[in-house]
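Per chain, numbering begins at 1; letters A, B, ... match sequence-line order.
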Amino acid sequence: MKNTPFTKFHVALGAKMMPFAGYNMPIQYEGVIAEHLTVRKSVGVFDVSHMGEIWVRGPQALDLLQYITTNDVAKLYDGKVQYSCMPNGKGGIVDDILVYRITAQSYLLVVNAANIEKDWNWITQHALALGMQIGRDVYNASDETAQLAIQGPLALKAMQKLTSASILDMEYYTWKYLEFAGIKNILLSTTGYTGSGGCEIYMPNEAADTIWKAVFEAGKEYGIKPIGLGARDTLRLEMGFCLYGNDIDDTTSPLEAGLGWITKFTDTKNFIDKEYLLQQKKDGLKRKLVGFVLKDKGIPRQHYPICNASGNKIGEVTSGTMSPSLNIPIGLGYVPIEFSQLGSEIFIDVRGKLLKAEVVKLPFYKGE
Amino acid sequence: MNILDDLKYTREHEWIRVEGDLAKVGITDYAQSQMGDIVFVDVQTVGEMLEKGESLGSIEAVKTVEEIYMPVSGKIVEFNEKLSENADLLNKDPYGEGWIVKISLTDPLEINDLLDAQSYRTFIESL
């Protein structure tokens, strides 16, 4: 199992540690609910060094990325970040990723920890077909890159103290290289997985100690706290953000998953599964990922059956929890299209009991 | 880890406190700390006779769900209604305000088969 450059800090803080995607990661410190509310109200720090970083460079970089991702990479400009996904050639999803345009010939892809190897094999296979050189044009920097997500309404205000470059006025999903906590060339982006604003910071492993300490010192007056993966999951779920392995995977279509907004069927862009997905769109979707709230007492969990009123299984819960912000049970799951309209009544089989649920609009959490 | 000397314990991390003909049942400090934030306690067995080892209800934490098992045979006579609104009492005070049910014992001698504090401590240290 791998440690991140921050593992020693988590252990010293008394975090509950668990293996996640091959990394020794903090699940919680003081408790999921308290940590969740810290991020909603002030500022919290996540070690997300387990995420993968893959660089794509050279004159063919744009062509490669246009082909292997669903979003329109040509819309990016230097300093812009894009959410996207990589279709798998069978109508499913290899991974959902972030694409950073550094220059017209240099892009940073941020991928899920559990998928680093699969993504690397997938990307290099298509890069080789374009004659790109592995190691130069496509480079896996995952093991040498550490990452922190500083999230919450006070995150940017706190982090502004560590840099002379202006970050408070950065637009959502943009990035800057800046001198941060005295270290040059730190990449900071206004991205995240919580819905509460803030930034993510990428750094070489050697800078990790200095930056961790500086971040907590700068955030002290704002009540900054470390946040575990437990709260990361409840925060993203309140926003209806998909988690790869739960809500999307190699068998789910981006359109079914509600990722049509990052699937661009423009004439100037050819990509893997374009025809297949276009046909799926024309034919009409058979099922959709929906958000639901339980009306009865109980908590939906991954893999619990979703049923109709007669108790017949019509789908499956892909994510579920008690929402710490709203204090109601919430979940995501796939249902046949006729059950996907807002207000539809569905039932969740919670260990043998059919509990009533209602399909609702995402996000569950709409801000304070 | 808090383990009280005057209680009896199970390997499933329930505790039982005999008070006359009745006994209170809850989960241990170890169990609540392993589960994390508890958000819902589901007990719908009030009035039922249950055998030792049978599930009397379940506890939902943010990330997990666990069954609660009868430490001994008996009848469920009362559910701690405070838990309906404040399930986190199981985290805050597992041996006090966070008791889960009161039961009447079928056979008081069954208590002797349970772990005492010292044995329970040895047991959780071995986990």
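- Scanning all heavy atoms of the two residues, the minimum distance from A:I33 to B:V62 falls at CG1-CG2, 3.8 Å.
- No more than 12 heavy atoms of other residues, nucleotides or ligands lie within 6.0 Å of NZ in B:K82, so this atom counts as exposed by the packing criterion.
- A 6.0 Å sphere centred on CE of A:M18 holds no more than 12 heavy atoms belonging to other residues, nucleotides or ligands.
- The environment of NZ in B:K75 is sparse: at most 12 heavy-atom neighbours from other residues, nucleotides or ligands sit within 6.0 Å.
- Ion pairing of B:E60 with A:K297 is absent here, as no side-chain N (NZ or NE/NH1/NH2) approaches a carboxylate O to less than 4.0 Å.
- By the 6.0 Å contact criterion, NZ on A:K366 is enclosed, its count of non-hydrogen atoms from other residues, nucleotides or ligands being greater than 12.
- Atom NZ of B:K52 sits in a crowded spot, with more than 12 heavy atoms from other residues, nucleotides or ligands closer than 6.0 Å.
- Interface residue A:D233: only side-chain heavy atoms are found under 4.5 Å from chain B.
- Using non-hydrogen atoms only and a strict 4.5 Å limit, the part of residues 6-36 of chain B facing chain A consists of B:S33, B:Q34, B:G36.
- When side chains are defined from C-beta on, A:Q28 does not count as touching B:D37, because their heavy atoms never get closer than 4.5 Å.
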How far apart are the C-alpha atoms of B:V39 and A:I299, what are their side-chain angles, what is the distance that settles it, and do they pass the side-chain contact (heavy atoms from CB on, under 4.5 Å) test? CA-CA 9 Å; B:V39 290; A:I299 300 178; 3.3 Å; yes

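- Here CG of A:L294 is found 9.5 Å from CZ of B:F40. Values are rounded to the nearest 0.5 Å.
- Listed here is the closest heavy atom pair of B:T64 and A:R301: O-NH2, 2.9 Å.
- In this structure, A:K353 NZ and B:S58 OG are separated by 6.0 Å, a value rounded to the nearest 0.5 Å.
- Put simply, the side chain of B:K63 does not reach to within 4.5 Å of the side chain of A:T321, judged on heavy atoms.
- Crowding of A:E358 atom CD: a count of heavy atoms from other residues, nucleotides or ligands under 6.0 Å exceeding 12.
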